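A short write-up of the structure that comes next.
We use all heavy atoms of the structure for the numbers below, so side chains are in, but hydrogens, waters and symmetry mates are not. Fair warning: this is a prediction, and the values are worked out from it, not measured in the lab.
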Amino acid sequence: MRILHLTDTHLYADPDARHYGRIDTRAAFAAVLDRLRTVEDVDLVVHAGDASEDGSEESYRVLHAMLDAFAESLDAQLAVAMGNHDVPAAYAAAIAPGDRGDHVQDRVLDVPGGGRCVVLDSSVPGAGYGHLEPEQLDWLRRVLEQPAPEGPDGARPGTVLVIHHPPLGAATTMLRALELDGVDELGEILTGSDVRVVLSGHYHHEMNGSLAGIPVHVAPGITNVVDPVSAGEHECSYALSGASLLQLPDQPSSAVSISSATWRSGGDADGDVAVPVYDFGPEQIAQIARDAGR
């Protein structure tokens, strides 16, 4: 299974809105999709959440007007997860309800060439951190009791799990205030399952780790990319966009291959990539942490 992993488009209903007063998120997304049109043999396109910035129905219609045609051009299945800026009920009204109703966007999608994608909604209304309710974990446990469909010639690519908030510890002070709750419980459910990889967004920078021995990959953001290494006491992001490409071999005994890339944003109104989109100091970071919702 070959997967194109996108995340964090932060689209608005208002076409004139700018993220942090600077990034035209529609233009940034369009530039990424245009760059990726030459990618071949994609089976699954994943958008790992924060599709919208304002949680509006119109922003989801904009998303799917762009993304449906793109996935169709690749002859690929499409999966969209909810992030902390998303509103599941608005997505349900504009696009489709989840498998468990309008207010939680959990769903299972079979991939035509074999395998499946399971999407978990980790959003919490009005909060930045992630959480999975016991009912969601019970649902996931039941789903994973049955293995994913085999592909042609007995190929077993298994299950791809998509969840916006990564089940990994964050690299910066601000992002640690926005982490996912209940990672140990999730890991217990994944142990022994046919989940081959967990795909996430939220952190706006590439990150790799594992949960229950399963690779976890965080793709760089499309609306901006965070610098988790050299910012020190500050939290900085830059006018870059990124994406990842993964290859799941047909048999579960083989390793998952992951590649990521970033490019200058196609939606940057400033034009100087050396100037941060934002540069939060310690006081701003502390306030964001207080406002995270815990």
Side-chain angles (χ1 to χ4, degrees), residues 3-12 15-39 42 45-54 59 62-63 66-67 70 80-81 83-86 128 164-166 168 170-176 178 199-209 216-246 258-281 284-285 288:
I3 307 165
L4 192 55
H5 182 191
L6 314 172
T7 191
D8 292 278
T9 47
H10 291 269
L11 297 170
Y12 296 85
D16 296 323
R18 298 294 180 262
H19 201 237
Y20 290 101
R22 176 170 168 181
I23 302 297
D24 179 341
T25 58
R26 295 190 191 192
F29 190 28
V32 168
L33 295 182
D34 187 59
R35 182 179 287 271
L36 296 173
R37 290 188 191 282
T38 57
V39 178
V42 175
V45 175
V46 166
H47 189 308
D50 277 357
S52 173
E53 174 67 16
D54 59 11
S59 67
V62 170
L63 173 83
M66 301 171 73
L67 200 49
F70 174 76
V80 177
N84 49 291
H85 286 275
D86 290 307
H164 178 68
H165 294 80
L168 297 174
T172 71
T173 299
M174 186 178 84
L175 292 175
R176 281 193 287 274
L178 306 174
L199 302 182
S200 298
H202 190 51
Y203 289 165
H204 281 248
H205 64 83
E206 181 187 3
M207 190 177 193
N208 294 287
V216 178
H217 177 68
V218 183
I222 288 176
T223 189
N224 58 65
V225 175
V226 165
D227 176 2
V229 176
S230 63
E233 294 183 349
H234 286 241
E235 187 93 11
C236 299
S237 82
Y238 292 87
L240 302 168
S241 296
S244 297
L245 186 65
L246 297 92
I258 305 173
S259 301
S260 297
T262 58
W263 316 279
R264 184 187 296 269
S265 172
D268 182 16
D270 185 285
D272 187 350
V273 74
V275 177
V277 174
Y278 62 74
D279 181 354
F280 296 147
Q284 290 169 293
I285 292 170
I288 291 168

task = Could you give me the CA-CA distance, side-chain angles and deciding distance for I3 and L199, then say whether side chain to side chain contact (heavy atoms under 4.5 Å, CB included) is met?
result = CA-CA 10 Å; I3 307 165; L199 302 182; 3.9 Å; yes
inquiry  = Among V218, V226, V216, exactly one meets side-chain contact (heavy atoms from CB on, under 4.5 Å) together with M207. Which residue is that?
reply    =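 Answer after filtering V218, V226, V216: V218.
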request  = Check D270, I222, T223 against I23 for a side-chain contact (heavy atoms from CB on, under 4.5 Å) and give me the one that passes.
outcome  = T223
Plane angle bin for H202 and H164 - parallel if under 30°, tilted between 30 and 60°, otherwise perpendicular =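 Aromatic pair H164/H202 classed perpendicular.
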key: Parallel, tilted or perpendicular: rings of H10 and H85 (30°, 60°)   =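 H85 vs H10 ring planes: perpendicular.
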key: Neighbour count >12 (heavy atoms, 6.0 Å) for atom CZ, R176   = yes
message = For a 4.5 angstrom cut-off between non-hydrogen side-chain atoms, does T25 reach L11?
response =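 Side chain of T25 against side chain of L11, heavy atoms only: contact under 4.5 Å found.
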query = Do Y12 and H19 touch side chain to side chain, with heavy atoms closer than 4.5 Å?
reply = yes
task = Please report the C-alpha distance between N224 and H204 in whole Å, then the side-chain angles of each, then the deciding distance to 0.1 Å, and finally whether the side chain to side chain donor-acceptor pair (under 3.5 Å) criterion is met.
result = CA-CA 7 Å; N224 58 65; H204 281 248; 3.0 Å; yes
query = Stepwise, does the side chain to side chain contact (heavy atoms under 4.5 Å, CB included) test hold for L240 with V277?
reply = CA-CA 9 Å; L240 302 168; V277 174; over 6 Å; no
task = Take L63 and H47 through the side chain to side chain contact (heavy atoms under 4.5 Å, CB included) test and state the conclusion after the steps.
result = CA-CA 10 Å; L63 173 83; H47 189 308; 3.8 Å; yes
note = The single option from D279, D227, T173 that satisfies side-chain hydrogen bond (donor to acceptor under 3.5 Å, both in side chains) with H234 is D279
